[in-house]
Amino acid sequence: MIEQLNPQQRQAVTLPDSHALVLAGAGSGKTRVLTTRMAWLMQQQQISPHRLLAVTFTNKAAREMLARLSALLPLDTRGMWVGTFHGLCNRLLRAHHRDAGLLQTFQILDVSDQLSAIKRLLKSAGITDDQYAPREVQRFINRQKEEGVRPAQVSAYDAYSRNMADLYARYQDQCEREGVVDFAELLLRAYELLKNNQAIREHYQRRFAHILVDEFQDTNNLQYLWLQLLSGGSTPIFAVGDDDQSIYAFRGANIHNMADFERDYAKGNVIRLEQNYRSHGHILDAANALISQNTGRLGKNLWTDQGAGEPIRVYESASDQLEAQWLIDEIKALVRDGHIKHEITVLYRSNAQSRVIEHALFSAGLPYKVYGGLRFFERQEIKHALAYLRLLDNPNDDTAWLRVVNFPTRGIGARTQEQLIELAQNHNCSLHEAVSYFDGRSGARLLDFVQLIQQMAHQAQVLNLPELVEYVVKHSGLKAHYQDDKDGLDRLENLQELVTAAAVFAAEEGAQTHPAGRLIEREIDYGLQDEPIPGPQTEFLLSPLAAFLSHASLEAGDNQAERGEDAIQLMTVHAAKGLEFDSVFISGLEDGLFPHENSLNERDGLEEERRLMYVALTRARKRLYITLAQSRMIHGKTRFSMRSRFLSEIPSKHLKWLSPKESSAFSNRYTMPSGATWRGQMPRHGGAQANTLANVGVEVSGKHFRVGMGVTHPKFGDGTITRLSGSGPEAQAEIHFRDVGAKTLALGIAKLDIIT
DNA sequence: GTGTCGTCCTTTTTT
DNA sequence: AGGACGACAC
């Protein structure tokens, strides 16, 4: 089992029972170490499988871990505590729902459910002006929860924060009343459950002999607290991660958790996995050089024994269109040379960049697959069906109620709904309960709806899960609605797919691991082997329906290419984390795009962008391309940019320029491209475009300014001219400065020097 | 209750 | 540019 590991990997796998931090560089065998450690603990240390807790960030990673584990040793992975933070917390809360103050069948709100709940709240709170954007409130609430802060503890120091805290409190009340829990609440509740209930806490502290954490650099503060609590300081935490690949600060990940963990727990117990088994030398050295610019790293340097390989190919084009065209030509050449399509990937910083590339791929007839986008359980028809299903367990779930009370339409319009909402507010009850107080014109229709739900709930007692889903799809009227809809075919198919998904889930639940559902029952079994789980536990088995619904919320489904399909892979750099490919194209290497200009305003934003670039570089095994465009359509406007600073942070010995290096927008030798190669967005000579043309170049006090030219300003630093207007003393230039962003300056006044 | 038009926004994303 | 959403009209 451990014979094939390198010395560092082996050391990590066979560490004694103490906290440890494994700094695992990209491609250094991180997952392998993690799973082998688990296998080693079970086999060599005789640790029972159910005394291990392994936590990951994605369901995919959890599944991968279990699959690899089963390959290492014969093992029944059912009932093992391997899953995502949210999945495991869900499990804790279902098992101890009473102590957590929840219904056993509590519903989980996903991001969009949460947003609509907040919108509803704002409306009923009478916040009519758009003073508080729902998204802003949502972000505030989630941030507080991720810090473990309840409404009463929010530090409200001004009107804004007091209002936010107030909205947070109301939102929380609303969730309580409806019996729903959002993603952050899963973690916070589970944390509080352990914190406030000594018996339960001690039970789990005793129960777990080892805690293993994957992607530790992505933990947020609450997750770290949760781990600390569960460990009680004595259960060893084996944390694996790479601070250089921390790219999720924007959603609360705290990179400092790694350093804190080392300082507080794993001091002297840090193992570095620095041998990279993925990339050739040029690629790896480039990545090392780039990331070495970051400060405060825990520090490591990847190496490979695979040889230098090929240098990174760099191509600069005049526009995003030409960049895409060049990409396609190059990809075609690769395919002609026998490269497998799904081993070729195009990465980009932001999703908007994919359109041009997709268009070019499509025109060239190359099959491609875009990662990201809508996932199965996020589709509207699926969410509608799920909303009906949610009402069966809990008709007081107002979010679900409002979603489908008039979908398909059944004559319960906005007016009726408003009246009902008001009634519910006055009686402090759910919409469902408020129906009995309703005496308006649409009362009969409301009663019909209530009856429909009751009738479905009755069927839930007699039908199995897939039958029930089918029944609901039909009797809700969803099926008929989409049958009548001329564009409803896909949606109908998806609804049919939902029935299939339910069947698969029901079948697997009996035979295989699922984070909720039958596992709770098994958990009790295991618990009884060593000691009873504290607290009154009378209902152990979660209904298949409730289990299926939590599955739908916690695992929104794949958004990956279907297996077996050989297609070029397109995705954001974020989405590429954890993946690897023979050939990688990183596109859009321009300042303002990558690093993204918005990041410059954020604390440590540039360093996070650099880590992102590091992740991008280290995806490639053998061949790596970097492309950039001097101009690009962004938000409907052509924008000119400088080369990304990241490009200059890679030593030139690793780069091979395929385009003439001096054609850069960075130089002042900007020349208008020939009209034939431009596709309409660019200013053209003559005709209606004359005005635009006049503004491409301006002469002020002997200096010739042109769009795309690099200039330097004594205060703002280096930048690129993106627009010119006026002439003589009126002449103005919009300049994108590398460090301070866009400014509009009067050319007659600003002390600008042309960079040569 | 549905369809249309105008306005706004636009980094990254999992659970 | 293009999508999402809300206001307004039929």
Side-chain angles (χ1 to χ4, degrees), chain A residues 55-62 83-90 108-116 119 123 128 130 133-135 139 142 145-146 181-187 190 215 218-220 222-223 246-253 320 347-356 359 371-375 377-378 380 406-417 442 485 515 550-557 559 571-578 588 592-602 605 608-609 611-613 615-616 632-639 680-681:
Chain A
V55 60
T56 63
F57 276 86
T58 64
N59 293 298
K60 194 176 151 205
T84 62
F85 277 100
H86 293 83
L88 296 176
C89 287
N90 178 43
I108 301 167
L109 298 185
D110 71 11
V111 180
S112 63
D113 294 332
Q114 186 187 32
L115 192 64
S116 54
K119 282 181 185 167
K123 218 170 196 171
T128 46
D130 289 273
R135 286 186 176 283
R139 193 183 149 86
N142 290 336
K145 290 190 178 187
E146 280 160 11
V181 161
D182 59 50
F183 282 136
E185 185 74 18
L186 280 175
L187 295 172
E215 306 276 20
D218 288 337
T219 49
N220 65 31
L222 183 55
Q223 286 160 339
S246 164
I247 55 173
Y248 285 114
F250 71 91
R251 64 174 201 221
D320 49 350
L347 304 182
Y348 34 82
R349 175 66 181 82
S350 67
N351 282 307
Q353 288 168 252
S354 77
R355 251 192 59 248
V356 180
H359 182 77
Y371 285 62
L374 257 200
R375 300 153 85 201
F377 286 110
E378 291 167 357
Q380 65 145 332
N406 200 32
F407 194 96
T409 51
R410 44 176 73 88
I412 303 172
R415 182 79 197 106
T416 307
Q417 291 180 35
S442 312
D485 187 9
S550 77
H551 165 77
S553 302
L554 290 174
E555 194 164 353
N559 52 11
M571 66 191 85
T572 63
V573 180
H574 283 91
K577 192 175 153 210
L593 191 60
F594 199 178
H596 200 281
E597 56 193 346
N598 294 2
S599 72
L600 301 178
N601 308 321
E602 282 156 27
E608 173 133 329
E609 293 287 306
R611 290 193 290 272
L612 197 51
M613 183 63 187
V615 168
R632 185 176 292 278
M633 283 287 276
I634 291 175
H635 312 326
K637 282 198 298 192
T638 302
R639 231 177 85 166
Q681 289 83 10

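Side-chain atoms are counted along with the backbone in the values below, which use heavy atoms only and exclude waters and symmetry mates. Numbered from 1 within each chain, the chains take letters A, B, ... in sequence-line order.
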> DNA chain B: A:Leu186 or A:Gly411, which has the more 5' nearest nucleotide?
A:Gly411
> A:Ser350 and side-chain contact (heavy atoms from CB on, under 4.5 Å): which single residue from A:Ile634, A:Leu593, A:Asn598 fits?
A:Leu593
> Once you apply a heavy-atom cut-off of 4.0 Å, does A:Asp110 come out as touching a base, just sugar-phosphate, or nothing?
nothing
> Please state how far atom CD in A:Glu146 lies from atom P in B:dT14, giving the value in whole angstrom units.
15 Å
> Can you build the contact string for nucleotides 8-13 of chain B? Use B for base contact, S for sugar-phosphate-only contact, and - for no protein heavy atom under 4.0 Å.
--BBBB
> Would you please confirm or rule out a distance under 4.0 Å between OP1 or OP2 of B:dT15 and any side-chain N or O of A:Ser553?
no
> Hey, does A:Thr572 have a side-chain heavy atom less than 4.5 Å from the side chain of A:Arg349?
no
> Which is true for A:Ile412 with a 4.0 Å heavy-atom rule: it touches a base, it touches only sugar-phosphate, or it touches nothing?
sugar-phosphate
> If you measure from CZ on A:Phe377 to CD on A:Glu555, what distance do you get to the nearest 0.5 Å?
8.0 Å
> Over how many whole Å does the gap from A:Asn90 atom CG to B:dT15 atom C1' extend?
11 Å
> Give me the distance, rounded to whole Å, that separates C:dC5 from B:dT12 when you measure between the C1' atoms they each carry.
23 Å
> With heavy atoms under 4.0 Å as the rule, sort A:Val573 into base, sugar-phosphate or nothing.
nothing
> Could you tell me whether A:Glu146 and A:Arg251 make a salt bridge, using a distance below 4.0 angstrom between a side-chain N and a carboxylate O?
no
> State, with a plain yes or no, whether a side-chain heavy atom of A:Tyr248 is found less than 4.5 Å away from one of A:Glu215.
no
> Heavy-atom nearest nucleotide on DNA chain B for A:Arg410 versus A:Val111: which residue maps closer to 5'?
A:Arg410
> List, with names and distances, any nitrogen or oxygen atoms from the protein found under 3.5 Å away from nitrogen or oxygen atoms belonging to nucleotides 2-10 of chain C.
from, atom 1, to, atom 2, distance (Å)
C:dG2, OP1, A:Arg355, NH2, 3.3

> Under 4.0 Å between a Lys/Arg side-chain N and an Asp/Glu carboxylate O for A:Arg375 and A:Asp110?
no
> Within the structure, does a side-chain N or O atom of A:Arg375 lie under 4.0 Å from either OP1 or OP2 of B:dT15?
yes
> I need the CG-C1' distance between A:Asp218 and B:dT15, as an integer number of Å.
12 Å
> Can you confirm whether A:His596 sits close enough to A:Leu612 that some side-chain heavy atom of one is under 4.5 Å from a side-chain heavy atom of the other?
no
> Does the side-chain contact (heavy atoms from CB on, under 4.5 Å) test come out yes or no for A:Thr219 and A:Phe85, once each step is laid out?
CA-CA 9 Å; A:Thr219 49; A:Phe85 277 100; 3.9 Å; yes
> Please lay out, stage by stage, how A:His574 and A:Ile247 fare under the test side-chain contact (heavy atoms from CB on, under 4.5 Å).
CA-CA 7 Å; A:His574 283 91; A:Ile247 55 173; 3.6 Å; yes
> Can you tell me the distance, in whole Å, between the CZ atom of A:Phe377 and the P atom of B:dT15?
13 Å
